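Right, one structure below, let's go through it.
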Amino acid sequence: MLSLPYIRDNKELVIKGLAVRNFKNADTLIESVLESDRKRRAIQAELDNILSDSNKISKEIGKLFKSGEVQKANIAKEKTGLLKEKSKNLSDNLGEVEQELNELLYQIPNIPHALVPAGSNEEDNEIVFSEGDIPTLHEKATPHWDLCKKYDIIDFELGNKITGAGFPVYKGKGAKLQRALVAYFLDKNSAAGYTEVQPPLLINEASGFGTGQLPDKEGQMYHVGVDNLYLIPTAEVPVTNFYRDVLLKESDFPICNTAYTPCFRREAGSYGSHVRGLNRLHQFDKVEIVRVEHPDKSYEAMEGMVEHIKGILQELKLPYRILRLCGGDLGFTSALTYDFEVFSTAQDRWLEISSVSNFETFQANRLKLRFKNKDGKSQLAHTLNGSSLALPRVLAGLLENYQTEEGIKIPEVLQAYTGFDLID
RNA sequence: GGAGAAAUGGCAGAGUGGUCGAAUGCACUAGUCUUGAAAACUAGCGAGGGUCACACCUCCGGGGGUUCGAAUCCCUCUUUCUCCGCCA
């Protein structure tokens with residue numbers, strides 16, 4: 001959520017930024033926010049004065065009782081009774097206005113970075129980089145869902161039976177390849193300075209709120225009603241929430257974590273080839289990188305994350321490209337996002353395998369994630385995250401691009417992890 | 001799951017109805033001393049709101065209540081610890 005002082009001081013910038021997202025009625029919304037804020041401060045000031053008076057009289061009463069002047073004390077008590085009633089009304093009022101203000105603030109997405117192109121949907125995303133050769137496949141090459149069946153490495157039907165659509169069962173070399181990828185990604189991330197962590201897979205409401213899944217987006221998460229907990233949609237949620245209600249020192253930066261977790265998404269999916277096989281799942285594995293940075297360093301850090309992921313894809317020898325998301329496709333909480341896509345030859349389409357975002361202070365504001373700056377003042381930190389990498393589509397890309405008539409080859413860097421070099 | 005105890009500033013730890021936003025120690029920051037460092041000494045040192053800046057207000061796990069007045073009393077939730085039970 002945007003911070004109020006920022007909106008107050010940068011009204012025009014905020015409205016302009018929202019326009020890049022095609023956000024409608026931005027100026028009316030911002031105006032109501034500012035109006036609500038004015039109201040809030042006026043009530044607060046009035047309440048503070050009444051409480052101040054009341055505090056003073058209470059102290060008097062204490063003194064009077066001590067010196068035995070009971071009558072005078074009782075007269076003073078009557079005064080505070082009146083003040084009490086007033087302050088009760090005012091604080092109720094304040095509560096209402098604060099809630100109203102918050103509800104308005106929740107509606108405002110993050111302000112896009114200057115690099116974000118205007119645009120309404122994915123067609124307007126900018127391709128900023130591409131690399132790797134698209135392989136020429138043999139004549140009988142097929143999409144991964146057929147390969148999974150042929151080599152019996154991923155069983156979608158068994159998953160249907162056990163749970164439902166979108167919950168595949170990995171078998172034999174498929175399971176081993178999956179485990180190899182997780183280990184390989186974690187090792188790469190560790191080598192790049194990320195601290196490996198294993199967070200809980202269920203989160204409470206406060207955590208969901210901290211990273212912006214709540215309120216409003218609870219439909220995307222599985223909810224365990226009896227305990228009021230949510231299954232994580234990404235490791236970003238628990239790991240970023242490590243730093244909820246935290247006041248850092250400048251010397252704590254940079255903070256770099258990496259976590260492997262299963263991810264759970266309800267997202268009511270459509271049907272058809274776009275969501276077939278591994279393309280979209282309710283449960284999937286992902287290795288995430290999460291950073292907390294000084295605001296002056298966060299874009300440098302983001303650049304580093306992008307380079308890091310490029311390195312992994314180069315080692316895997318997968319053809320990929322990088323997109324800069326346009327305003328219309330940018331996530332609610334993000335200021336700048338780069339998507340990585342791998343080309344799947346057998347499906348003849350690009351598959352999103354990573355998304356690297358800088359949230360600037362948008363999450364930090366909700367998280368109350370701050371640091372003491374050089375002036376000794378508390379300042380909001382920047383949060384960033386990215387997939388490094390999401391498993392199913394990387395797997396899909398590997399299976400499809402590495403298929404030969406003899407079987408599916410394993411990229412060299414993975415062979416030490418799998419212990420085999422061919423799935424046949 | 002049952003019984004009991006507890007939750008206070010970055011940490012440890014006093015405080016059980018009236019100058020308590022809170023003693024003390026450690027940590028931290030600045031200074032003195034020193035060739036430098038350490039030690040010692042001196043000073044500062046929680047967070048949020050509000051203000052040009054003060055003033056002022058709020059916060060002692062969360063929420064609610066009693067009272068003129070709550071860190072302190074009551075209710076409730078959460079978490080932690082000890083003992084018992086169960087268990088990978």
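Treat the numbers as computed from the prediction; the structure is a model and nothing was measured.
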Review point. Between A/Glu85 and A/Lys88, is there a side-chain N and carboxylate O pair less than 4.0 Å apart?
Key: no
Point to revise | P atoms of B/G1 and B/C87, separation to the nearest Å | key: 15 Å
**Study point:** Inter-nucleotide P distance (B/U76, B/G15), Å rounded
**Key:** 26 Å
Revision key, fill the gap. From CG of A/Asp252 across to C1' of B/G10 the rounded distance in Å is 11 Å
Check your understanding: Do other residues, nucleotides or ligands put more than 12 heavy atoms under 6.0 Å from the CD atom of A/Gln283?
Key -> yes
Exercise for review: Sticking with atom P, work out how far B/G21 lies from B/C59, rounded to a whole angstrom.
Suggested key: 11 Å
Exercise for review: Assert yes or no for the condition that the ring centre distance of A/Phe371 to A/Phe253 is strictly below 6.0 Å.
Suggested key: yes
Review point. Is a side-chain N or O of A/Gln379 found less than 3.5 angstrom from the main chain of A/Lys372, in a donor-acceptor match?
Key: no
Practice item. Take atom P in B/C60 and the same atom in B/A22, then report the distance between them in whole Å. Key: 14 Å
Check your understanding: Can we call the ring centroids of A/Tyr106 and A/Phe209 under 6.0 Å apart?
Key -> yes
Exercise for review: Using atom CG of A/Leu64 as one end and atom P of B/U19 as the other, report the distance to the nearest whole Å.
Suggested key: 15 Å
Point to revise | B/C33 to B/U51 separation - C1' atoms, rounded to the nearest Å | key: 42 Å
Revision key, fill the gap. For RNA chain B, consecutive-pair runs of 3 or more (Watson-Crick or G-U wobble, both H-bond-type distances under 3.5 Å) give B:1-7 with B:78-84, B:10-12 with B:24-26, B:28-32 with B:40-44, B:46-49 with B:56-59, B:61-65 with B:73-77
Check your understanding: Just by modelled atom types, is the A/Ser298 backbone N or O under 3.5 Å from a matching donor or acceptor in the A/His382 side chain?
Key -> no
Practice item. Could you tell me the separation between the CD atom of A/Glu46 and the C1' atom of B/U58, rounded to a whole number of Å? Key: 17 Å
Polar atom pairs between nucleotides 64-68 of chain B and protein, under 3.5 Å, N or O only, would you list them?
unit_1: B/C68; atom_1: O4'; unit_2: A/Thr80; atom_2: OG1; d: 3.4
unit_1: B/C68; atom_1: O2'; unit_2: A/Ser58; atom_2: OG; d: 3.0
unit_1: B/C68; atom_1: O2'; unit_2: A/Thr80; atom_2: OG1; d: 3.3

Check your understanding: Do any N or O atoms from the side chain of A/Arg21 and from the backbone of A/Gly331 form a donor-acceptor pair under 3.5 angstrom?
Key -> yes
Show each protein N/O and nucleotides 47-57 of chain B N/O combination with a separation under 3.5 Å, one pair to a line.
unit_1: B/A47; atom_1: OP1; unit_2: A/Lys372; atom_2: NZ; d: 2.1
unit_1: B/A47; atom_1: O3'; unit_2: A/Arg370; atom_2: NH1; d: 3.4
unit_1: B/G48; atom_1: OP1; unit_2: A/Arg370; atom_2: NH1; d: 2.9
unit_1: B/G48; atom_1: OP1; unit_2: A/Ser378; atom_2: OG; d: 2.9
unit_1: B/G49; atom_1: O3'; unit_2: A/Arg40; atom_2: NH2; d: 3.1
unit_1: B/G49; atom_1: N2; unit_2: A/Asp48; atom_2: OD2; d: 3.2
unit_1: B/G50; atom_1: OP1; unit_2: A/Arg8; atom_2: NH2; d: 3.4
unit_1: B/G50; atom_1: OP1; unit_2: A/Arg40; atom_2: NH2; d: 3.3
unit_1: B/U51; atom_1: OP1; unit_2: A/Arg41; atom_2: NH1; d: 3.2
unit_1: B/C56; atom_1: O3'; unit_2: A/Ser52; atom_2: OG; d: 3.3
unit_1: B/C57; atom_1: OP1; unit_2: A/Asn55; atom_2: ND2; d: 3.2
unit_1: B/C57; atom_1: O2'; unit_2: A/Asp48; atom_2: OD1; d: 2.9

Check your understanding: Is the backbone of A/Glu236 close enough, under 3.5 Å, to the side chain of A/Thr240 for a donor and an acceptor to pair up by distance?
Key -> yes
Exercise for review: Could you give me the CA-CA distance, side-chain angles and deciding distance for A/Lys149 and A/Glu157, then say whether salt bridge (charged side-chain N to carboxylate O under 4.0 Å, His left out) is met?
Suggested key: CA-CA 10 Å; A/Lys149 201 163 209 171; A/Glu157 280 153 35; 3.3 Å; yes
Practice item. May I ask you to decide whether A/Glu98 forms a salt bridge with A/Arg41, counting only side-chain N to carboxylate O separations under 4.0 Å? Key: no
**Study point:** C1' spacing across the pair B/U16 / B/G69, given as an integer number of angstrom
**Key:** 16 Å
Point to revise | Separation between the C1' atoms of B/A71 and B/G13, rounded to whole Å | key: 14 Å
Exercise for review: Using a strict cut-off of less than 4.0 Å between a Lys/Arg side-chain nitrogen and an Asp/Glu carboxylate oxygen, indicate whether A/Asp37 and A/Arg8 qualify as a salt bridge.
Suggested key: yes
Review point. P atom, B/C26 versus B/A40: distance in rounded Å?
Key: 9 Å
